[in-house]
Amino acid sequence: MADEEGVRLDGEVRDKLVRTKERWARDGRLLTGEAGAGRLPPGQRLVTDFPVLDLGVQPEVRPDRWRLRLEGLVEERQALDWAGFMALPQADYVNDIHCVTAWSRYDNRWQGVATRTLLELCRPRPEARFVVFHSYDGYTTNVTLEAFAAEDALVAHSWQGQPLERVHGGPARIVLPRWYFWKSAKWVTRIEFTAEDQPGFWEVRGYHNEADPWLEQRYG
Ligand SMILES: Nc1nc2c(c(=O)[nH]1)N[C@H]1C(S)=C(S)[C@@H](COP(=O)(O)O)O[C@H]1N2
Ligand SMILES: [Mo]
């Protein structure tokens with residue numbers, strides 16, 4: 001894709017980070033097997049700041065170049081520009097973040113477009129059972145169509161009432177609160193509907209394919 005060109009996912013710093021996380025996955029780091037307490041899933045600790053985690057490439061996407069494409073097994077392909085995206089019905093959700101690196105953050109207010117609204121626009125074909133997110137930094141991650149269609153899932157452009165900062169995936173990111181945060185692709189530009197599951201960046205490097213924090217699906 002033209003929009004994703006020029007992004008290099010290699011480089012020494014990133015390789016080191018990836019190797020570390022692959023080792024954690026092999027070692028089962030942070031797995032507790034505990035039950036979790038109330039609102040906090042097992043093995044998580046609460047933070048009040050908002051940590052930044054990514055591959056070290058934080059693309060700056062000018063709004064006039066930004067696109068959100070809905071494609072693959074859909075009846076109506078879409079290439080939304082910023083104005084078209086912002087003109088869609090707006091969702092306003094509050095939920096908790098659970099990151100696989102063991103921090104959780106409560107009460108994050110997200111504004112954006114519900115994934116259900118996007119589904120009405122593009123109308124996936126019956127064969128579509130999975131979704132792959134593609135981001136401007138080259139990151140990918142995969143979920144089932146059912147997980148994508150959850151009632152609390154959205155493509156968010158704002159956090160706590162302010163435009164989403166670039167470090168957190170602005171102009172817009174996926175937010176899937178029911179799963180560890182690596183499923184919530186930052187700087188998303190393409191949502192692809194597929195018949196077969198396509199494991200994403202971390203999923204092929206030892207992370208769990210599903211990522212349910214309540215089941216501690218950290219590595220798989
Ligand atoms: N495009 C993109 N999205 C991404 C990532 C990334 O490297 N690139 N990292 C994932 C991981 S591992 C986590 S924990 C969250 C971190 O989001 P945050 O930086 O807003 O806390 O983004 C997820 N989405
Ligand atoms: Mo993460």
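Every number for a ligand or one of its atoms is a count from 1 in the order of the listing.
Considering backbone and side-chain atoms alike, Leu53 places an N or O below 3.5 Å from some N or O of ligand 1. Residue-to-ligand polar distances keep Val52 apart from ligand 1: every N/O pair is separated by 3.5 Å or more. Every N/O-N/O distance between Phe50 and ligand 1 stays at or above 3.5 Å.
Using modelled atom types, one finds no donor on one side chain facing an acceptor on the other under 3.5 Å when comparing His134 with Thr140. In this model, a donor atom of one side chain and an acceptor atom of the other lie less than 3.5 Å apart for Glu203 and Trp182. Checking His157 against Gln90 by side-chain atom types alone, a donor-acceptor pair falls below 3.5 Å.
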Step-by-step side chain to side chain contact (heavy atoms under 4.5 Å, CB included) determination, Phe148 to Ile191:
CA-CA 10 Å; Phe148 178 76; Ile191 301 176; 4.1 Å; yes
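The nearest protein atom to atom 22 (O) of ligand 1, hydrogens excluded, is given as Arg173 NH2, 3.4 Å; this is a heavy-atom distance. The nearest protein atom to atom 24 (N) of ligand 1, hydrogens excluded, is given as Ser184 O, 3.0 Å; this is a heavy-atom distance. For atom 14 (S) of ligand 1, the closest non-hydrogen atom on the protein side is Cys99 SG, 3.3 Å. Scanning the protein heavy atoms around atom 8 (N) of ligand 1, the nearest turns out to be Asp137 OD2, 2.7 Å. What sits closest to atom 6 (C) of ligand 1 on the protein, heavy atoms only, is Tyr139 CD1, 3.5 Å. What sits closest to atom 11 (C) of ligand 1 on the protein, heavy atoms only, is Trp182 CA, 3.6 Å. Of all protein heavy atoms, the one lying nearest to atom 21 (O) of ligand 1 is Pro51 O, 2.6 Å.
Electrostatic pairing of Arg178 and Asp212 does not count as a salt bridge here, judged by no charged N lying under 4.0 Å from a carboxylate O.
Taking CG from Asp197 and CG from Leu145, the interatomic distance works out to 11.5 Å, rounded to the nearest 0.5 Å. Expressed to the nearest 0.5 Å, how far NE2 of His168 lies from CD of Gln58 amounts to 9.0 Å. Rounding to the nearest 0.5 angstrom, the gap separating the OG1 atom in Thr194 from the CD atom in Glu127 is 11.0 Å.
Comparing Lys186, Lys21, His98, His168 against atom 19 (O) of ligand 1, the shortest heavy-atom distance belongs to Lys186.
Shown in contact with Trp187 at under 4.0 Å from a heavy atom are these atoms of ligand 1, numbered in order with element: 1 (N), 2 (C), 8 (N). In the vicinity of Trp202, heavy-atom distances shorter than 4.0 Å reach the ligand 1 atoms 12 (S). Within the listing of ligand 1, atoms 21 (O) sit less than 4.0 angstrom from a heavy atom of Trp103. Of all the atoms in ligand 1, the ones that sit under 4.0 Å from a non-hydrogen atom of Ala185 are 3 (N), 24 (N). Ligand-side atoms of ligand 1 in range of Ser135: 1 (N), range being under 4.0 angstrom from any heavy atom.
Annotation for Leu118 and Leu70: closest pair O-CD1, 3.8 Å, computed over non-hydrogen atoms.
Side chain of Asp96 to backbone of Asp107: a donor-acceptor contact under 3.5 angstrom is found.
Taking 4.0 Å as the cut-off, Trp159 does not count as a neighbour of ligand 1 on heavy-atom distance.
For Tyr207 and Tyr180, the distance between ring centers is not under 6.0 angstrom.
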